[in-house]
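In what follows, a structure is listed as structure tokens, so that the remarks can point back to it.
For the numbers below, each heavy atom of this structure counts, side chains included, while hydrogens, waters and symmetry mates do not. Letters A, B, ... mirror the listed sequences (proteins, then strands); counts begin at 1.
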There are 2 protein chains.
Amino acid sequence: MDRTAKKKATIYDLSVLSGCSPSTVSAVLNGSWRQRRIKESTAELIQGLAAKHQYTANLQARGLRRSRSGLVGLLLPVHDTRYFSSMAQTFEACVRSRGQCPVVVSACRDPQEERQIVETLISYSIEALIVAGATDPDGVHAVCEAAGLRHVNIDLPGTKAASVISDNYAGARLLTEAIVRRCGADRPLDATDLHLFGGRDDHASRERIRGFRDAKRDVLGADPDGCITPTGYSPTTSRLAFEDYFERNGRLPRGLFVNSSINLEGLIRFMAHHPNDTFTDLVVGCYDYDPFGSFLPFPVIMIRQDVETMIARAFALLDEGRPAARIHLVTPELVPPRTALRGPLDALKDEAPA
Amino acid sequence: MDRTAKKKATIYDLSVLSGCSPSTVSAVLNGSWRQRRIKESTAELIQGLAAKHQYTANLQARGLRRSRSGLVGLLLPVHDTRYFSSMAQTFEACVRSRGQCPVVVSACRDPQEERQIVETLISYSIEALIVAGATDPDGVHAVCEAAGLRHVNIDLPGTKAASVISDNYAGARLLTEAIVRRCGADRPLDATDLHLFGGRDDHASRERIRGFRDAKRDVLGADPDGCITPTGYSPTTSRLAFEDYFERNGRLPRGLFVNSSINLEGLIRFMAHHPNDTFTDLVVGCYDYDPFGSFLPFPVIMIRQDVETMIARAFALLDEGRPAARIHLVTPELVPPRTALRGPLDALKDEAPA
DNA sequence: AGTAGCTGCACCATCGATTGTGCAATGCGA
DNA sequence: TCGCATTGCACAATCGATGGTGCAGCTACT
């Protein structure tokens with residue numbers, strides 16, 4: 001019943017133990033002791049005591065005094081997607097390598113949540129924030145600005161802060177062309193038979209749609225209306241859109257441009273309710289890379305966004321202090337069907353199994 | 001060039017503005033004003049000023065004073081897996097519904113990192129911690145214990161703290177039987193033709209192996225040695241194990257028990273280098289559910305661990321204060337091939353597309 | 001009038017660390 | 001030996017919020 005939640009040692013404890021003043025202890029333990037001209041032997045004494053008593057600094061106290069916390073935030077729409085979870089993974093490694101502490105949170109694509117969560121992070125005195133895929137980046141910007149918080153958009157751009165995003169237009173063109181190429185191998189594709197599903201009224205969707213249409217016009221010579229069905233970023237609504245198309249047309253289009261892996265989940269939900277042979281002959285292109293998504297029973301061409309570069313670029317901008325509110329494009333990569341790319345987890349060493 | 005990073009308003013600012021003392025302002029703004037017998041009109045005055053000046057409490061200062069922070073931690077092995085990212089998603093919702101702030105971090109399965117990251121979280125005075133899939137749960141426990149931090153293991157159990165885990169033995173039996181059933185539809189399965197890949201020397205792997213072997217003995221009447229290849233939790237080493245098996249035997253086994261979706265990624269990496277017809281006839285059972293993994297071109301039977309229940313149970317234990325160091329089993333669910341389950345994202349409302 | 005009891009708030013120590021400043025002791029050169 | 005520079009550290013204010021305690025002013029009752 002050792003219910004003693006032993007109080008953690010403080011600089012005052014070590015001050016008493018060492019016979020030095022708290023300020024000396026503080027200086028020794030935060031590394032500023034040389035410039036404060038503390039004797040090496042004093043430093044060693046205190047460091048020894050600190051180790052012995054398992055001293056660790058109270059970071060809230062430090063943060064209060066310094067009015068910063070050592071925390072760096074990443075605001076995601078959701079965690080549960082390989083795209084965003086790989087972003088979290090990469091972000092975390094990056095932040096740790098700078099000796100800071102990552103805080104990854106998600107706001108469920110709700111503009112109000114986004115702002116409120118950022119308020120909270122600001123209340124904890126986070127030092128910088130990456131705003132990924134925000135529904136209302138400029139709303140978030142206002143909150144950050146009011147608090148003087150460095151921040152950068154990623155994935156979806158805002159107009160008020162620097163943004164690092166994929167070249168969605170170029171990616172969509174690439175993807176569209178690849179779908180056509182893949183379809184055309186046997187018999188030529190009709191322009192109405194290449195349909196885009198997913199996305200909504202955000203910058204990424206608009207750019208992808210633009211790329212899709214331009215590519216169709218260039219490659220198929222036509223871009224009829226009615227070949228685009230926005231569904232939002234929800235598997236359920238996506239599925240309903242596929243069902244709807246299927247009911248209207250008795251089949252799916254031969255070529256499918258799917259706006260994101262979340263929408264692709266809608267497609268497999270649709271599939272789960274339909275026999276396999278509904279999909280012979282189907283060619284899918286999908287934004288976002290998911291390793292399993294790449295190995296579905298029909299060809300899935302994916303666009304892998306370069307998360308590592310985007311995050312790195314975002315940090316570079318944060319380091320700049322006050323970067324211009326412009327958009328930085330990062331080139332995404334076309335991933336042929338049945339391709340297993342390496343991911344952030346491959347950077348980890350895994351100990352040899354027993 | 002409004003470079004003024006306006007200092008945030010404090011209770012002292014509002015104190016001056018309102019003509020009340022800082023303690024009154026504090027009481028009003030943290031809700032304790034009724035029990036401090038502050039006049040309603042005073043409260044309204046201060047609340048008005050707070051709203052007008054966009055006051056938000058400095059949570060580091062509050063945390064310092066109260067010696068707790070409102071932060072609740074989740075320690076993951078990695079983010080970039082549907083299993084763990086869905087855990088993060090569920091955890092976050094849970095924490096927010098309690099009015100606290102989630103902090104999700106990953107330690108890459110490195111015992112030393114695990115301890116060090118937890119030390120850091122403790123330095124921020126987090127109030128509770130869920131330790132998910134830790135490589136060294138008892139090491140983490142020691143750190144928490146020394147700081148008097150409430151914590152619960154999840155996914156992988158420890159011996160010193162309460163643990164909520166899947167019933168891996170039962171799940172593995174279910175899965176093994178399901179694989180056999182699926183294989184046996186055409187021609188009976190030889191016991192050597194059902195092989196387990198993945199996992200390492202942790203509780204989950206051991207239980208799954210035990211379930212696998214017992215089920216084989218029961219259903220196939222034999223459980224020859226050499227049908228188990230631990231690979232660790234890395235796609236690359238998993239892939240190498242499949243390659244190795246393939247080279248030795250000229251083919252894969254007909255029935256494959258894959259220890260986790262990470263190991264399944266190893267399988268698709270293997271597949272990427274082999275023609276499709278290497279896998280006709282293959283039946284895979286895989287621990288962890290991944291929506292796309294469920295739709296691969298061969299039957300993949302999955303075990304979905306009940307993350308919602310596990311997290312809920314974990315919070316219940318945390319609320320108990322000092323729960324006994326026992327293991328709580330949660331029953332996982334068998335997921336037939338080509339099944340699209342709903343996930344945490346389905347709880348989100350998505351606004352209708354434009 | 002005296003007092004008991006309430007109302008409504010102010011005062012002040014405190015949480016743990018940081019940092020500008022002051023000062024005694026020592027060293028050193030002239 | 002005097003004076004100045006340097007060394008090595010202590011002091012105390014401060015970051016923003018919290019909560020125990022004290023106390024003036026008013027009411028109500030005897």
Problem set entry | Check ion pair B:R96-B:E92 (N to O, under 4.0 angstrom) | yes

For this session: Return the value, rounded to whole Å, for the distance between atom NZ of A:K39 and atom P of C:dA25.
Result: 14 Å

For this session: Could you tell me the separation between the CZ atom of B:R34 and the C1' atom of C:dC9, rounded to a whole number of Å?
Result: 16 Å

For this session: Taking the side chain as every heavy atom from C-beta outward, state whether A:F91 and B:H79 have any atom pair closer than 4.5 Å.
Result: no

Exercise. To the side chain of A:S23, which of D:dA17, D:dA10, C:dT7 is closest?
Worked result: D:dA10

Problem set entry | Among D:dA17, D:dC15, C:dA10, the nucleotide that comes nearest once only the side chain of B:Y12 is considered | D:dA17

Problem set entry | OP1 or OP2 of C:dT18 under 4.0 Å from side-chain N/O of A:S26 | yes

For this session: Establish, with yes or no, whether the OP1 or OP2 oxygen of D:dA10 is under 4.0 angstrom from a side-chain nitrogen or oxygen of A:R36.
Result: no

Exercise. Does a side-chain N or O from B:N58 land closer than 4.0 Å to OP1 or OP2 of D:dC15, or not?
Worked result: no

For this session: Output yes when B:R313 and B:E320 qualify as a salt bridge under the 4.0 Å nitrogen-oxygen rule, no when they do not.
Result: no

Exercise. Heavy atoms under 4.0 Å, any strand shown: does A:T42 hit a base, just sugar-phosphate, or nothing?
Worked result: sugar-phosphate

Exercise. Is B:E44 salt-bridged to B:K39, going by a charged N under 4.0 Å from an acidic O?
Worked result: no

For this session: Scan A:T10 against the nucleic acid and name what it touches under 4.0 Å (heavy atoms): base, sugar-phosphate only, or nothing.
Result: sugar-phosphate

Exercise. Between C:dA10, D:dA17, D:dA10, which one does the side chain of B:I11 approach most closely?
Worked result: D:dA17

Exercise. Using a cut-off of 4.0 Å on non-hydrogen atoms, how would the nucleic acid contact of B:A27 be classed: base, sugar-phosphate, or nothing?
Worked result: nothing

Exercise. When you measure from the side chain of A:A61, which nucleotide among C:dC12, C:dG16, D:dA17 comes out closest?
Worked result: C:dG16

Exercise. Does the base of D:dT14 carry an N or O that pairs as donor and acceptor with the side chain of A:R65 under 3.5 Å?
Worked result: yes

